[in-house]
Amino acid sequence: MRRKPHLRKHIAVLPCDGAGKEVVPEAIKVLRAAGADLEFQEYDVNADQYMRSGQPIPPDVWNDLQKADAILFGAVGDPRIDDSTYLAGVLLRLRFELDLYVNLRPAKLYDDRLSPLRREERRMVDMLIVRENTEGLYVGMGGRFKKGTEQEVAIQEDLNTYLGVTRIIEYAFGAAKGEVVMVDKSNAMTHAGGLWQQQWKAVAKKHPNIKTRHLYVDAAAMQLVRDPSQFDVIVTGNLFGDILSDLTAELIGGMGIAPSANINPKTGRGLFEPVHGTAPDIAGRGVVNPVGAILSASMMVKHLGYTEMANAIEGAVESAIRAGECTRDIGGDLSTSQAGDAVAKRLKD
Ligand code: IPM
Ligand code: MN
């Protein structure tokens, strides 16, 4: 059940590291321009803090994050530290412990010039990847035996539960207008694949009006490149969803503009982050594209119930991109903050 709404929604802001620190302020700028009545509280969760305290998320911050109406997130990672422990302690902890089991990754092409597709009719890209976000190969089960020797054995378990598989497939049917495509690798990974196949068929039966199709992940990657306009909703496991959503990001203009939402539709909790990471190669120079973060903020306000505002933000992004008022990676010549201004000013008019 959704928690009792406060008068004013509290948004916990975690810009984190690198590019995240640059794009999150732009998302907040746009939310303010759109008139969002939100209270933002920023937290010191980042590599510097972790190196000082040894805690990816300090306990008092964790308490606050659990109470927030939503979390606006940048990106985590730092070349100076062991990525996996830090990642597990921040992003994966939030996804797992807040049980944000749905990871929504929409891919919509806002302007033809951003498309790598030769054929015009294949550029109607407007799809949603529904990625399972709390299980699969991400759970960190397994271990390394005889570590450091030439006999070393490393095992990474792929965890799939009846509950986890069923609820994500159910969510996908709820989100689809046309068709749901389920993607797995059940020809080779028969145990996990068997459970996905079984629940896919069971849930599909309850939605006779929605078309269904199944693709193995290799074929799905091929079809996504060949003609992405064929897709509406794709539902898949954690790792395949991660991989395919980088592919779909590239189809719409690159990692800089792809948004994502990590949500639990039952509790109402949510964390909203661009698909891109900290981009250490370009971070800190004012050239990072803020659109992924801005569109993630739009997904956040939609999740909080402000559908019109979400649509207005998306429309402003589309208009700025079409006018070429954007960063270099998508053909403009604006800085991060100017690109944020270009979206914000369209909302103020
Ligand atoms: C993403 C990222 C993360 C993931 C990493 C940073 C663990 O690539 O959100 O897509 O794989 O989920
Ligand atoms: Mn990823």
Side-chain angles (χ1 to χ4, degrees), residues 9 11 13-16 18-40 42 70-75 104-115 125-126 248-249 251-261 270-277 279 282-349:
K9 304 276 186 196
I11 310 300
V13 180
L14 303 182
C16 305
K21 287 194 172 127
E22 294 177 79
V23 296
V24 167
E26 301 309 313
I28 292 176
K29 182 195 280 176
V30 167
L31 288 170
R32 292 217 161 100
D37 187 23
L38 303 170
E39 202 173 285
F40 299 101
E42 188 173 319
I71 301 171
L72 187 59
F73 195 91
L104 298 178
R105 301 199 153 184
K108 180 169 172 183
L109 184 63
Y110 293 108
D111 194 51
D112 282 357
R113 80 182 149 76
L114 303 185
S115 172
V125 180
D126 187 0
T248 53
L251 293 175
I252 59 161
M255 294 301 287
I257 70 173
S260 86
L271 178 153
F272 302 81
E273 50 165 348
V275 173
H276 67 72
I282 55 165
R285 290 193 268 122
V287 298
V288 177
N289 194 334
V291 166
I294 293 170
L295 289 172
S296 303
S298 157
M299 294 181 84
M300 179 179 82
V301 288
K302 186 166 184 186
H303 177 75
L304 294 173
Y306 309 108
T307 309
E308 254 173 56
M309 186 184 299
N311 293 340
I313 295 173
E314 193 187 356
V317 165
E318 178 160 5
S319 152
I321 289 177
R322 282 180 185 258
E325 293 175 38
C326 48
T327 46
R328 276 177 214 285
D329 55 307
I330 52 171
D333 60 2
L334 301 186
S335 69
T336 305
S337 134
Q338 290 168 332
D341 289 342
V343 178
K345 83 169 183 224
R346 288 173 161 79
L347 291 158
K348 284 182 198 147
D349 297 343

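The figures that follow rest on heavy atoms only: side chains count, while hydrogens, waters and symmetry mates do not. All values derive from a computational prediction rather than experimental measurement.
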Checklist line | Arg346/Glu318 ion pair, N-O < 4.0 Å | finding: no
Item checked: Check: Arg322 side chain, Tyr110 main-chain N or O, donor-acceptor pair, under 3.5 Å -> yes
Notebook entry, point to check: Are side-chain heavy atoms of Ser319 and Glu325 found at a separation under 4.5 Å?
Noted result: no
Next item on the list: Check the surroundings of atom NZ in Lys302: do more than 12 heavy atoms from other residues, nucleotides or ligands lie under 6.0 Å from it?
Entry: no
Notebook entry, point to check: Below 4.5 Å, heavy atoms only, C-beta onward: do Ile28 and Ile11 meet side chain to side chain?
Noted result: no
Next item on the list: Give the minimum heavy-atom separation between Val30 and Ala344, together with the two atoms involved.
Entry: CG2-N, 4.1 Å
Item checked: Closest heavy-atom pair and its distance - Ala27, Ala297 -> CB-CB, 4.0 Å
Next item on the list: Measure the CD1-OG distance between Ile252 and Ser115 for me, rounded to the nearest 0.5 Å.
Entry: 10.5 Å
Checklist line | Spacing of CE belonging to Met299 relative to CG belonging to Leu72, to within rounding of 0.5 Å | finding: 12.5 Å
Checklist line | Sidechain N-carboxylate O distance under 4.0 Å for Arg285, Glu22 | finding: no
Check: Would a distance-only check, ignoring hydrogens and angles, find a side-chain to backbone donor-acceptor pair under 3.5 Å from Lys29 to Ser337?
Finding: yes
Next item on the list: Output the distance between atom CG (Leu14) and atom CD1 (Ile71), rounded to the nearest 0.5 Å.
Entry: 6.0 Å
Next item on the list: Using a 4.5 Å cut-off on heavy atoms from C-beta on, say whether the side chain of Ile330 contacts that of Ile321.
Entry: yes
Notebook entry, point to check: Thr336 side chain to Asn289 main-chain N or O, any donor-acceptor pair under 3.5 Å?
Noted result: no
Note to self: Is the shortest side-chain heavy-atom distance between Val24 and Pro290 below 4.5 Å?
What the structure shows: no
Next item on the list: With the side chain counted from C-beta on, respond yes when Phe272 and Ser260 share a heavy-atom pair under 4.5 Å apart, and no when they do not.
Entry: no
Next item on the list: Work out which heavy atom in Gly256 is nearest to a heavy atom in Asp329; give both atom names and the distance.
Entry: CA-OD2, 4.2 Å
Margin query: Testing the basics here: between Ala312 and Leu347, what is the closest heavy-atom pair and its distance to 0.1 Å?
Written below: O-CD2, 3.5 Å
Checklist line | Side-chain donor or acceptor of Ser296 paired with backbone N/O of Gly292 under 3.5 Å | finding: yes
Note to self: Can you confirm whether Tyr306 sits close enough to Met300 that some side-chain heavy atom of one is under 4.5 Å from a side-chain heavy atom of the other?
What the structure shows: no
Notebook entry, point to check: Minimum heavy-atom separation for Val275 to Pro259, with atom names?
Noted result: CG2-O, 3.4 Å
Next item on the list: Without swapping roles, check the side chain of Glu26 against the backbone of Val23 for a donor-acceptor pair under 3.5 Å.
Entry: no
Next item on the list: Count the heavy atoms belonging to other residues, nucleotides or ligands that lie under 6.0 Å from CZ of Arg113, then report whether that count exceeds 12.
Entry: yes
Checklist line | Euclidean distance, Lys108 NZ relative to Ile257 CD1, rounded to 0.5 Å | finding: 11.5 Å
Margin query: Looking at every heavy atom in both Thr327 and Ala339, which two are closest together, and how far apart are they?
Written below: CG2-CB, 3.9 Å
Check: Taking the side chain as C-beta and beyond, is there a heavy-atom pair between Leu31 and Ile313 under 4.5 Å?
Finding: yes
Item checked: Distance (rounded to the nearest 0.5 Å) between Cys16 SG and Glu273 CD -> 9.0 Å
Margin query: Any non-hydrogen side-chain atom of Asp126 less than 4.5 Å from a side-chain atom of Leu109?
Written below: no
Next item on the list: State the CE-CG distance between Met309 and Leu38, to the nearest 0.5 angstrom.
Entry: 7.0 Å
